[in-house]
Amino acid sequence: QVQLVESGGGLVQPGGSLRLSCVASGFTFSRYAINWYRQVPGKERELVAAINSAGGSAIYADSVKGRFTISRDNAKNTVYLQMNSLKAEDTAVYYCKADGYLEVWGQGTLVTVSS
């Protein structure tokens, strides 16, 4: 099947770090740009970060710029989101999405930032 599977979410204190992973299968991962979105409780879904197919270019939402880093390892069919200096406002369900001929969403992983 064509799928993305996120992992790495959990409970972390403010100022802490997490690394999310998104593993792809069933399609040619290296041909797709990958986006990370988050759904903040009670708010609209927002784009957090995106990376091009080769991994040489990335964009970030202003709210996470300087704290989050997106990267990918095409040999492992995996994209990562390193999240540092986490804030309570980062609490959300995080989803990865493959952009291309196919549109593929992961199931989401919950990140909770709380003391």
How close do [X] and [Y] get, counting heavy atoms only, and between which atoms?
{"X": "Ser53", "Y": "Ser30", "answer": "CB-O, 3.2 Å"}
{"X": "Thr78", "Y": "Val23", "answer": "OG1-CG2, 3.7 Å"}
{"X": "Pro14", "Y": "Ser114", "answer": "CD-C, 3.6 Å"}
{"X": "Tyr32", "Y": "Gly100", "answer": "CE2-CA, 3.4 Å"}
{"X": "Ala92", "Y": "Leu110", "answer": "O-CD1, 3.6 Å"}
{"X": "Ala54", "Y": "Arg72", "answer": "C-CD, 4.4 Å"}

Donor-acceptor pair, side chain of Glu6 and main chain of Ser21, under 3.5 angstrom: no
Could you give me the CA-CA distance, side-chain angles and deciding distance for Val12 and Thr112, then say whether side-chain contact (heavy atoms from CB on, under 4.5 Å) is met? CA-CA 6 Å; Val12 63; Thr112 303; over 6 Å; no
Could you tell me whether Trp36 and Phe68 have their ring centroids closer than 6.0 angstrom? no
Does Arg45, at its CZ atom, have more than 12 non-hydrogen atoms belonging to other residues, nucleotides or ligands within less than 6.0 Å? yes
Hydrophobic clusters here meaning ILVMFWY residues chained together by side-chain heavy-atom distances under 4.5 Å, can you tell me if Leu81 and Val111 are in one? yes
Spell out, yes or no, whether Leu20 and Val93 are grouped together once hydrophobic residues are joined by side-chain heavy atoms under 4.5 Å, including indirect joins. no
Modelled atom types, side-chain donor and acceptor of Asn52 and Ser57, under 3.5 Å: no
Does a side chain donor of either Tyr94 or Arg38 reach within less than 3.5 Å of an acceptor in the other side chain? yes
Between [X] and [Y], is any pair of side-chain heavy atoms under 4.5 Å apart?
{"X": "Met83", "Y": "Arg19", "result": "no"}
{"X": "Gln13", "Y": "Val113", "result": "no"}
{"X": "Leu102", "Y": "Val2", "result": "yes"}
{"X": "Phe27", "Y": "Leu4", "result": "yes"}
{"X": "Leu47", "Y": "Ile59", "result": "yes"}
{"X": "Val48", "Y": "Tyr60", "result": "no"}
{"X": "Gln39", "Y": "Tyr95", "result": "yes"}
{"X": "Val104", "Y": "Lys97", "result": "no"}

side-chain contact (heavy atoms from CB on, under 4.5 Å) between Leu18 and Leu86, worked out: CA-CA 8 Å; Leu18 286 173; Leu86 283 162; 4.3 Å; yes
Using side-chain contact (heavy atoms from CB on, under 4.5 Å), reason through Val79 and Ile51 one step at a time and then give a plain yes or no. CA-CA 9 Å; Val79 64; Ile51 190 166; 4.1 Å; yes
Does Asp90 pair with Lys87 as a salt bridge, N-O distance under 4.0 Å? no
